[in-house]
Amino acid sequence: MSTSADPLATLAALPGVAESVNAVRAAVDRVYGHRVMRRRSNEVTSEAALRGARGSAALAGADWALEEVRRRTDFGAEGEPHTVGAALRLTAEAGQLLSIWRQSPLRVLARLHLVAAGGTEGDERIGRPRQSGEPVDEPLIGSGLPLPDADEVAGRLDGLARLLLAGSEAPALVTAAVVHGELLALRPFVSRNGLVARAAERIVLVGSGLDPKSICPAEVGYAELGAAPYMAALEGYASGTPEGMAVWIAHCGRAVELGVRESTAVCEALQRGAA
């Protein structure tokens, strides 16, 4: 990333990024203008939360059908049920953390990891950045990206927090993409980093005012686009090159657009009385 006074704004000026930003803004404006949003926005928000959680869990290895997620209640078991439960808990928690995020992003990230790793009381690794020698369980990423050591993680997390607290003129999409990409590249916790990264992106999109009612679940889009393109775009982010960063931001933008499409379908179903 640039060392300019506003590195996020520098990223926003990369070739192709403005087009992604404009496409996302137009898509979000359209769904917010839907007539159903005037009287049933809470229902759209609830459905978007469920579908977003399902999408995030799918990327974390628990690709359940939406109706299965809706029907099940037994999320305490290890493996896929725990992953789906973690995604659902994070979606519910994220909306409660907006004010804290504006003051202390690192505190929110710690809380998100604690929520995601529910049921592991007494494990001192939960809710704090990993320390030297602690392994990371993040199956999606595997060995595709080098794993930064604990000192680099601490330094870059601090830099990310300072960047967010300083504020930026950059569009919300750019800030959200950087938060998401940085957390995935760093994998600061011993587990559940992908779930935490996508929840943090959601907080930025909502808190920025781009999606204040949280009805544009980018997680749906990431799942629809697939794990392989997700990882390829992340590798672009991790490269730090302008081209790679632009590819990642565009991927995040496309995911938001697909999330908008999902919620537009929900609005249409509610309008027909079919949801």
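Residues Val247 and Val178 are members of separate hydrophobic clusters, defined by side-chain heavy-atom contacts under 4.5 angstrom among Ile, Leu, Val, Met, Phe, Trp and Tyr. Both Leu157 and Ile141 sit in one connected hydrophobic cluster of ILVMFWY residues. Membership requires side-chain heavy atoms under 4.5 Å apart, directly or through other members. Grouping the Ile, Leu, Val, Met, Phe, Trp and Tyr side chains by contacts below 4.5 angstrom, directly or via other members, places Leu195 apart from Phe75. No single ILVMFWY cluster, assembled from side-chain heavy atoms under 4.5 Å apart, contains both Leu225 and Leu140. Note on Val196: it clusters hydrophobically with Ile100, by side-chain heavy-atom contacts below 4.5 Å among ILVMFWY residues.
Using the six-membered ring where Trp is involved, Tyr222 and Trp248 have ring planes that are parallel, under 30° apart on the 30 and 60° scheme.
Rounded to the nearest 0.5 angstrom, Ser263 OG and Arg261 CZ are separated by 11.5 Å. To the nearest 0.5 Å, atom CG of residue Leu106 and atom CZ of residue Arg162 are 10.5 Å apart. Atom OG in Ser20 sits 8.0 Å away from atom CD1 in Ile249 (nearest 0.5 Å). We find the OG-CG distance between Ser168 and Asp6 to be 3.5 Å, quoted to the nearest 0.5 Å. Atoms CZ and CG, on Arg111 and Leu90 in that order, are 10.0 Å from each other to the nearest 0.5 Å. Residue Leu160 holds its CG atom at 7.5 Å from CG of Leu109, rounded to the nearest 0.5 Å.
Using a cut-off of 4.0 Å between Lys/Arg side-chain N and Asp/Glu carboxylate O, Glu182 and Arg156 are scored as salt-bridged. With respect to Arg25 and Glu257, no salt bridge is recorded, no charged nitrogen being found less than 4.0 Å from a carboxylate O. Salt bridge status for Arg72 with Glu68: present, with a side-chain N to carboxylate O gap under 4.0 Å.
For the residue pair Ala200 and Leu112, the shortest heavy atom distance occurs at N-CD1, 4.2 Å. Contact record, Ala246 with Pro15: CB-O, 3.8 Å, taken as the closest heavy-atom pair. Contact detail for Gly61 and Glu80: the closest heavy-atom pair is O-OE2, 3.4 Å. Considering every non-hydrogen atom in both Leu184 and Gly194, the closest pair reads CD2-CA, 3.6 Å. Contact detail for Ala223 and Leu59: the closest heavy-atom pair is N-CD1, 4.1 Å. When all heavy atoms of Leu234 and Ala185 are compared, the pair lying nearest together is CD1-N, 4.3 Å.
By the 4.5 Å heavy-atom criterion applied to side chains, Trp101 and Val179 are counted as neighbours. The side-chain heavy atoms of Val69 and Leu88, taken from C-beta on, include a pair separated by under 4.5 Å. For the pair Leu164 and Thr175, the minimum side-chain heavy-atom distance is below 4.5 Å. Using a 4.5 Å heavy-atom threshold, the side chains of Cys267 and Val44 count as touching. The side-chain heavy atoms of Phe189 and Val136, taken from C-beta on, include no pair separated by under 4.5 Å. Pro81 has its side chain within reach of Trp64: a pair of non-hydrogen atoms, C-beta onward, lies under 4.5 Å apart.
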Take Val260 and Val24, measure what side-chain contact (heavy atoms from CB on, under 4.5 Å) needs, and give me the verdict at the end. CA-CA 9 Å; Val260 168; Val24 165; over 6 Å; no
Derivation of the side-chain contact (heavy atoms from CB on, under 4.5 Å) call for Leu258 and Val220: CA-CA 7 Å; Leu258 290 171; Val220 169; 5.6 Å; no
Inset, instruction - Run the numbers on Arg51 and Arg54 for side-chain contact (heavy atoms from CB on, under 4.5 Å), then give the verdict. - result: CA-CA 5 Å; Arg51 296 181 186 216; Arg54 192 219 73 83; 5.5 Å; no
TODO: Might you work through the side-chain contact (heavy atoms from CB on, under 4.5 Å) test for Glu47 and Leu66, ending with a clear yes or no?
DONE: CA-CA 10 Å; Glu47 189 64 20; Leu66 180 63; 4.0 Å; yes
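Evaluated for a side-chain hydrogen bond (donor to acceptor under 3.5 Å, both in side chains) with Asn193, the options Arg130, Arg198, Glu138, His113 yield exactly one hit, Glu138. Considering Leu11, Val174, Val17 as possible partners of Met245, the one that fulfils the side chain to side chain contact (heavy atoms under 4.5 Å, CB included) test is Leu11.
Between the side chain of Arg39 and the main chain of Arg35, a donor-acceptor pair closer than 3.5 Å is present. In this structure, Thr45 contributes its side chain and Lys213 its backbone to a donor-acceptor pair below 3.5 Å. Without hydrogens or angle criteria, Ser208 side chain to Val204 main chain gives a donor-acceptor distance under 3.5 Å. One N or O on the side chain of Arg202 and one on the backbone of Cys216 form a donor-acceptor pair closer than 3.5 Å. At distances below 3.5 Å, at least one donor-acceptor pair connects side-chain atoms of Arg40 with backbone N or O atoms of Leu270. No donor-acceptor pair under 3.5 Å is formed between the side chain of His251 and the backbone N or O of Met231.
Counting heavy-atom neighbours within 6.0 Å of Arg107 CZ, excluding the residue itself, gives a total of 12 or less.
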